[in-house]
Amino acid sequence: MSHFVLIDGNSVANRAFYALPLLSTSAGLHTNAVLGFTTMLLKVLEEMKPTHIMVAFDAGKVVFRHTEYAEYKGGRSKTPPELSEQFPLIRELLDAFAIKRFELEGYEADDIIGTLTKEADQKEWKTTVITGDKDMLQLVSDHVSVALTRKGVSEIELYTPEEIQEKYGLKPLQIIDLKGLMGDSSDNIPGVPGVGEKTALKLLHEYGSVEEVLANVDRVSGKKLQENLRENVDKANMSKALATILREAPVELDVQQTEFPGYDGLALSDFFKKMEFKSLLSKIKVTQDMSENGEASEATPFAFEIVTEETTEKYTDKLTTPMAVYIEMDGDNYHHAPILGFGIAAEGTTLYVPWDVAKEWKALGSWLADASKEKWVFDGKRDTVGLAWHELPVAGIGFDVYLASYLLNATESNHTLDSIASQYAQVRVRPDEDVYGKGAKRLVPETDVLSEHVAHKAAAIWQSVQVLREQLVENEMGSLLNDLEAPLSMVLALMEKQGIKVNRERLEQMGEELDSKLADLTTQIYELAGGEPFNINSPKQLGEILFDRLALPVLKKTKTGPSTSADVLEKLAPYHPIIDAILTFRQLGKLRSTYIEGLTKEIHTKTSKVHTLYNQATTATGRLSSTDPNLQNIPIRMEEGRKIREAFTPSEDGWYMLAADYSQIELRILAHISGDENLIDAFRKGMDIHTRTAMDVFGVSEEDVTSLMRRQAKAVNFGIVYGISDYGLSQNLNITRKEAADFIERYFDVFAGVKQWMEEIVKEAKQDGYVTTLLHRRRYLPDIRSSNFNLRSFAERTAMNTPIQGTAADVIKLAMIRMQEALVEKGLASRMLLQVHDELVFEVPEDELEIMQKLVPEVMESALALNVPLKVDVNYGRSWYEAK
DNA sequence: GTCTTCACG
DNA sequence: ACGTACGTGAAGACG
């Protein structure tokens with residue numbers, strides 16, 4: 001059966017360009033759009049198995065649309081040179097694939113595709129159009145589907161007439177009417193003012209088309225809407241015309257010419273080599289083997305050797321420098337996971353050492369501990385802690401591909417070795433899930449499978465380092481890795497292995513008190529609800545009680561029903577006494593399940609400590625996160641919850657807990673990077689920043705700042721750090737949007753430097769596609785130029801927030817490295833235990849209290865010199881609770 | 001697995 | 001007109 005695939009070349013290239021980091025070859029040629037395009041093509045060929053395929057491109061000025069509307073596409077920003085230069089490469093790519101490409105002077109890709117799909121439709125061919133442009137949905141028919149690219153180009157969403165009906169309630173051709181009414185800012189199609197997607201859909205569901213809407217304008221509800229429609233009849237008609245894809249372009253391509261017999265693996269591999277797509281090279285070999293017409297290349301078995309108890313001596317000389325080493329463990333939590341074996345690789349050597357052999361091999365132990373023997377690793381913290389539980393020290397970690405991969409793309413969450421290998425190495429690593437199985441079926445495989453898997457991992461590390469190093473240097477993040485993240489990972493390893501003591505009895509006692517309170521509340525809630533028991537923890541069942549039986553008003557909805565979140569319930573409290581009981585029940589229930597039961601489960605039976613895992617490669621901003629247990633969200637705001645901290649105590653008798661936190665670090669960083677004179681002045685004078693903000697925004701003297709004014713000023717300051725919007729502020733303060741907008745305007749009048757910086761950082765993000773912190777940490781913002789308002793707005797707020805939050809993360813990370821150095825240098829017994837974003841927690845012997853109270857703030861405040869002082873508050877006590 | 005809620009900075 | 005504050009992780013419900 002035939003399958004005709006048509007690709008909108010410009011649209012796909014654009015999406016690929018903005019979705020991927022700006023990669024380039026060693027010669028400096030940018031390749032991210034080419035790579036994205038290639039990935040998409042390979043995926044399409046594999047999944048759709050087209051018999052005919054072609055790619056259409058825009059060419060020249062769009063003649064026929066321009067004549068009708070001079071502004072057409074006027075609002076579209078110019079194609080950046082980094083993308084333009086990739087179009088010739090994409091053409092080369094298509095030639096290498098032997099895929100027909102087509103362009104027609106004066107026409108857009110849309111029109112070429114529109115014309116060809118019409119032809120295919122008449123022939124009743126199964127046809128698929130691939131594009132990122134929603135307009136193309138108008139081409140959908142019984143034979144033609146449109147696949148929209150998602151998440152850049154890595155995923156596609158297939159639309160048939162049924163799916164369009166389901167999503168919009170429209171026939172495919174009505175997509176044109178939709179655009180005619182709502183317009184499209186990215187193509188500068190005006191539409192009717194005041195009509196967005198919601199209104200347009202409502203009108204079309206009622207009247208069916210732009211023409212019918214206009215003919216029945218008297219019956220349309222809403223005076224303003226009627227007026228807008230009457231005054232913009234021409235605009236509506238013209239917009240519809242602009243949105244209509246031409247289906248009779250003078251295309252001289254016969255569909256038969258697009259027949260696709262399969263690609264030429266040789267031509268393609270040459271091209272991939274030129275582009276330095278190392279990972280793709282191995283992929284096409286496999287495909288080639290499977291296709292009948294490709295020249296089957298002999299699959300060379302991957303060569304590695306298994307070291308046995310008897311042969312260790314023979315391999316001792318192979319332990320050189322540098323080498324890649326990977327430690328395979330059975331499970332994710334390396335505080336408990338049994339070690340299965342080592343993979344070790346360098347040029348010409350790949351070894352697998354089973355754990356039973358490794359732990360007895362003295363030379364291997366010395367090699368691991370020898371700082372002069374450089375090791376390249378994947379997640380050195382994991383290796384260090386995992387081996388520390390077996391009293392095996394590790395030193396000389398020279399490169400960590402996990403951290404490097406994270407820095408190169410912090411928003412990508414999948415920094416597994418298989419994905420790193422596919423991007424940066426030639427050898428392929430199977431996903432762990434494939435090797436072990438998942439869920440209940442998880443099983444450690446036989447030695448031959450396991451050893452090959454681990455050997456591949458070590459080889460992948462070995463092969464990835466050079467490319468990763470080059471890309472880091474190119475993105476100016478070499479020092480960020482070598483001087484910050486890598487040393488930090490070793491500090492974190494110490495903290496995780498050290499652990500923090502938790503008093504189980506104290507928690508159990510609190511748990512019993514909670515149990516009895518919760519039992520009382522449960523009875524009380526059932527009675528208030530009419531006597532019938534129900535599951536209070538189920539938002540669904542609770543919603544039925546509140547909104548059906550008690551007929552309370554629905555203030556907010558979620559996707560699945562009325563919202564019962566705390567902010568909604570607080571507003572409902574005056575209506576019914578059950579609400580307060582539910583809020584208390586939720587609060588105490590959370591304490592019991594997450595902080596009493598959850599935390600107790602994580603206490604190590606031998607040490608009475610909890611050993612968290614700090615994830616150093618998770619967040620988009622550069623912060624750490626903490627899991628198993630999460631020690632970065634232990635309650636503090638409410639007194640009942642705060643008591644949990646009484647259970648966190650020193651691990652040695654007579655010692656103290658000491659906590660040190662940065663005061664207003666994010667606003668101080670904002671003062672520094674924005675250079676706002678007013679904000680700088682406030683911090684240099686050591687003022688309370690929220691009071692100062694209230695004084696400036698409300699125009700009153702310090703004595704006249706009321707607590708309400710200070711509270712509102714504080715919310716504005718938070719909003720500023722988050723990338724302010726009037727809507728967000730209004731939600732937070734429970735005020736109208738107009739009032740929130742006034743606050744913001746007044747804030748920007750007084751802090752004009754902040755306003756200017758915010759505008760500039762967004763502009764910079766639009767230009768570069770990313771933002772950076774003071775230490776060059778980078779975050780890509782693929783949506784920053786999206787035509788979708790929501791996506792774009794979100795990216796803009798992120799552009800404002802990330803340099804602030806990310807620089808704060810840089811600062812405390814630097815402080816942690818310096819702090820650990822200071823502890824060692826001064827021979828102190830005190831230990832750093834926790835990091836909570838702007839706070840460090842230590843356990844301190846009594847005779848070091850004095851020096852630590854001085855040393856900790858000194859080190860933290862001098863971590864990075866800004867043009868405002870950094871300020872640190874220190875407290876200590878017999879538990880974390882008392883260190884306040 | 002996904003959704004909702006809620007704990008923290 | 002659009003419809004959110006920025007960044008996380010854990011637990012429970014539900015399909």
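The sequence lines fix the lettering, A, B, ..., with proteins before strands; numbering per chain opens at 1. All values derive from a computational prediction rather than experimental measurement.
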To the nearest angstrom, the CD1-P distance between A/I669 and B/dG9 comes to 17 Å
Notebook entry, point to check: Given the P atoms of C/dT4 and B/dT5, what is the spacing between them in whole Å?
Noted result: 14 Å
Between CG of A/D567 and P of B/dT4 the distance, given in whole Å, is 14 Å
Those residues at least two apart in sequence (or on a different chain) that pass side chain to side chain donor-acceptor pair (under 3.5 Å) with A/K755 are none
Here the helical stems involving DNA chain C, each at least 3 consecutive Watson-Crick or G-U pairs closer than 3.5 Å, sorted by first residue number, are B:1-9 with C:6-14
**Prompt:** Would A/S565 and A/D567 count as having a side-chain donor-acceptor pair, cut-off 3.5 Å?
**Reply:** yes
* Asked: Using a cut-off of 4.0 Å on non-hydrogen atoms, how would the nucleic acid contact of A/S626 be classed: base, sugar-phosphate, or nothing?
  -> sugar-phosphate
To the nearest angstrom, the CD1-C1' distance between A/I582 and B/dT5 comes to 14 Å
Considering only heavy side-chain atoms of A/T560, the closest of B/dC3, B/dT5, B/dG9 is B/dC3
Here the distance between atom P of B/dA7 and atom CH2 of A/W880, to the nearest Å, is 16 Å
Here the distance between atom P of B/dC8 and atom CG of A/L834, to the nearest Å, is 15 Å
Taken in chain and number order and not counting sequence neighbours, the residues that satisfy side chain to side chain donor-acceptor pair (under 3.5 Å) with A/T798 are none
Q: Name the nucleic acid region contacted by A/Q805, choosing base, sugar-phosphate or nothing; use a 4.0 angstrom heavy-atom cut-off, strictly under.
A: base
A/N615 meets the side chain to side chain donor-acceptor pair (under 3.5 Å) criterion, sequence neighbours left out, with A/Y402, A/T618
Sequence neighbours excluded, the answer for side-chain contact (heavy atoms from CB on, under 4.5 Å) partners of A/A713 is A/T693, A/A694
When rounded to whole Å, the CD to C1' distance for the pair A/E570 and B/dC6 reads 12 Å
By side-chain contact (heavy atoms from CB on, under 4.5 Å), A/S538 pairs with (sequence neighbours left out) A/N535, A/K540, A/Q541
Judged by modelled atom types alone, do A/E496 and A/Y334 share a side-chain donor-acceptor pair under 3.5 Å? yes
Between A/G194 and A/N801, the residue closer to the 5' end of DNA chain C by nearest nucleotide is A/G194
Under a 4.0 Å heavy-atom cutoff, the residues of residues 587-603 of chain A touching DNA chain B are A/Q587, A/K590, A/Y595
Original post:
Is the phosphate of B/dC6, meaning OP1 or OP2, less than 4.0 Å from a side-chain N or O of A/R586?
Top reply: yes
Sequence neighbours excluded, the answer for ring-ring contact (aromatic ring centres under 6.0 Å, His included) partners of A/F648 is A/W880
note: A/I644, atom CD1; B/dC8, atom P; distance rounded to Å ~ 11 Å
Min and max contacting nt of DNA chain C in 5' to 3' order, chain A heavy atoms within under 4.0 angstrom, are C/dA1 to C/dG15
Hits for side-chain contact (heavy atoms from CB on, under 4.5 Å) against A/S793, two or more places apart or cross-chain, chain-then-number order -> A/F789, A/R797
In numerical order, the residues of residues 634-643 of chain A whose heavy atoms come under 4.0 Å of DNA chain B are A/I634, A/P635, A/I636, A/R637
Applying side chain to side chain donor-acceptor pair (under 3.5 Å) to A/K571 and not counting sequence neighbours gives none
Residues A/G641 and A/L591: closest non-hydrogen pair is CA-CD2, 3.6 Å
*asked:* At 4.0 Å (heavy atoms only), tell me whether A/N732 reaches a base, stays on the sugar-phosphate, or touches nothing.
replied: base
